[in-house]
Amino acid sequence: NTSGNGSISRKNQVILQCLDMLSPLEGKYFVRIICGELRLGLSVRSLLDVFSISIMGDKSIKSELESAYGVCADIGYIGSVVLDSKKENVVKNLITISAQPGIPVLSRLVQRVGSFEELSERFKESVILQPKFDGLRCQIHKWEEEDEKSDISKSIIWKQFKKGSTNDSQNLFEINNNSKIQVKLFTRNLEDVTEMFPEIVDSAKKMKQTSFILDSEIVGWDFKKGKFLSYQETMQRRRKYSVQSMREDIPVRAFTFDLLYLNGKSLIHTDTKDRIKQLERELSTTQEGIVLAESKSFSLDSDIKEYFDKCVKEGLEGIIVKQENGGYRPGIRNYEWIKVKKSIDKELVDTVDMVVVGYYKGSGRRSSFGLGAILGAIYNEKKDRFDAICKIGTGMSDEILTEINSKLENILSDQKPKGVEVVDILTPDVWVIPKYVITVDADEITKRIGEEKIGGGYSLRFPRLIEWNRDKSANDVTTISEIEKMFLMRKSI
DNA sequence: AATGTCTGCCCC
DNA sequence: ATTCTGC
DNA sequence: GCAGAATGGGCAGACATT
């Protein structure tokens, strides 16, 4: 009853009825639960604490629980293991839990670094370099399902189905259902995206290995130009409908850079250089949807920047630098895996001067500052006005946040100031008179096609405040044509 | 049937 | 994603 | 040094409205 026609109205009715029955205090918490703002330990991390306390009476087996969940990210399963265990066996049982195709492993995350100097300070031995792709993280699982009695009856039904059908896709469906080979794809957040990328599933099935878990990045590929598609284009493949037609328009490949499990054995604790060695052996014959990402061994005194430049030139986002030793470390972000993005190069950062024309109320710890984010505008020289194109909500310390609020307080405007336009989705909580100029950095200038009327449709990817209240007049902010020039320059590279 | 508005254990 | 802050 | 909590653009989908 929570979806379909009129579902929003029905939900509203139910909520109103509930609120009616509750006391004001109860109502407060009820609303927080609905809004997902009640921090009551419903996160996985807190749940693991609960498991520890429930059996040990304290948090003493927290680390064992976290490791087990890392390689087998099914909180229900972890919970059942704890509940089925006796106190004296629980640690042993948790340590026994191993990676298993079909259940996602927490993705290892990557620490960012601001310069090559910082990189050379971090590592003492030689390292492995891999390209950094701008796409969707994807874990590819393949395994063989055990024989089940129900399979027999299933196959009979499917054979009958096939008789009356010559349709290719239905035949494919039939084969998949009869086959014991299973494939699943998971995103970084453990979302099942198997149905969205059939070319990757097909390739996984064609591979000779009976079971594996691969770590990869899905990126769209332009076969005509022989180069990567943009992140925005790749993202269009993350869809429920029209998968087959989009498969032709935006074909993707999974660039595979790690191997976590192979033919029944977990490799989570195997050293990175050995996992990659094995990956290269197994993926030596190239598939269509699953391809091997390049890995290069580099000694630290050699020219890492040269490889970095080569990757950037090819349209990649930068490089990943990995320590040779050490296991996969699910869910961990530390300096054993480091990313160097092309945006560390000041030449490749888009720096924009904007004028503040509004702000948004903050939430959580930002609510006390009276402000959570600000609205930035560039100058539209053709229309002689300020066009607001992008919000800025990071890069400000508590101190600066306080100062911004105190300054903006004096120039409030109860309506949109004259000479200001805004993309409607960006309409701020509070308008202010254009006065204060800020500097904003961004990794990329993006363009919304069909929205060119305001600010040329341009916006910023990963905007962050670099400087507040520059000693500049509002007339000196970046213009649309300057933004356009920056946009076209990046595109041509 | 087209357009508008909002959301997502969303992706980055 | 980026950035800042608290532990 | 790490995790957590603020915040960004933008996509497809789900409903609502016209």
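The sequence lines fix the lettering, A, B, ..., with proteins before strands; numbering per chain opens at 1.
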Whether Ser368(A) side chain and Arg365(A) backbone form a donor-acceptor pair below 3.5 Å: yes
Ser459(A) side chain, from C-beta outward: closest of dT2(C), dG10(D), dG8(D): dG10(D)
Watson-Crick or G-U wobble partner of dA12(D), both distances under 3.5 Å: dT7(B)
Rounded interatomic separation in angstrom, taking CZ from Arg333(A) and P from dT3(C): 13 Å
Contact check, side chains of Ile389(A) and Met354(A), non-hydrogen atoms, under 4.5 Å: yes
Closest-nucleotide 5' rank along DNA chain D - winner of Gln111(A) and Arg237(A): Gln111(A)
Separation between the P atoms of dC9(B) and dT5(B), rounded to whole Å: 23 Å
Sugar-phosphate only, base, or nothing, as touched by Leu465(A) at under 4.0 Å among non-hydrogen atoms: nothing
Of the listed nucleotides dT2(C), dC11(D), dA14(D), the one nearest the side chain of Asp443(A): dT2(C)
Atom pair distance, as rounded to whole Å: CD1 in Ile466(A) and P in dT3(C): 6 Å
Leu375(A) side chain reached by Leu426(A) side chain, heavy atoms, under 4.5 Å: yes
Among dC2(D), dG10(D), dG8(D), the one nearest Ala373(A) by side-chain distance: dG8(D)
Nearest-neighbour nucleotide for the Gln236(A) side chain, dA12(D), dG1(D), dG4(D) considered: dA12(D)
Among dG10(D), dA6(D), dA1(C), the one nearest Arg448(A) by side-chain distance: dG10(D)
Would you mind writing out the side-chain donor-acceptor pairs for residues 238-245 of chain A within the sub-3.5 Å range, not counting sequence neighbours?
residue	atom	partner	partner atom	Å
Arg239(A)	NE	Gln236(A)	O	2.9
Arg239(A)	NH1	Tyr241(A)	O	3.1
Ser245(A)	OG	Ser242(A)	O	3.3

d(OH, Tyr359(A); C1', dT7(D)) in whole Å: 17 Å
Gap between atoms CD1 and C1', on Ile338(A) and dC2(D) respectively (whole Å): 14 Å
Separation of atom CG in Leu106(A) from atom C1' in dA3(D), rounded to whole Å: 14 Å
Short N/O separations, protein against nucleotides 16-18 of chain D, under 3.5 angstrom:
residue	atom	partner	partner atom	Å
dA16(D)	OP1	Ile8(A)	N	3.3
dA16(D)	OP2	Gly6(A)	N	2.8

Pairing partner (Watson-Crick or G-U wobble, both distances under 3.5 angstrom) of dA6(D): dT2(C)
Length of the NZ-P vector between Lys361(A) and dA6(D), whole Å: 17 Å
Pair of N/O donor and acceptor under 3.5 Å linking dT2(C) base with Thr394(A) side chain: yes
Sequence-aligned protein contact record of nucleotides 1-11 of chain B, with B where the base is within under 4.0 Å of a protein heavy atom and S where only the sugar-phosphate is: ---------SB
Ser242(A) or Asn334(A), whichever maps to the more 5' nucleotide of DNA chain D: Asn334(A)
Salt-bridge contact Glu336(A)-Arg108(A) (side-chain N to carboxylate O under 4.0 Å): yes
Separation of atom CZ in Arg108(A) from atom P in dC2(D), rounded to whole Å: 10 Å
Nucleotide nearest Lys339(A) when distance is taken to its side chain, options dC4(C), dG8(D), dT2(C): dT2(C)
Selected nucleotide, minimal atom distance to Lys341(A) side chain, candidates dT2(C), dC4(C), dT7(D): dT2(C)
Sugar-phosphate only, base, or nothing, as touched by Arg45(A) at under 4.0 Å among non-hydrogen atoms: sugar-phosphate
Value in whole Å for how far the C1' atom of dA6(D) lies from CG of Asp398(A): 10 Å
Any side-chain heavy-atom pair of Val440(A) and Arg464(A) under 4.5 Å: no
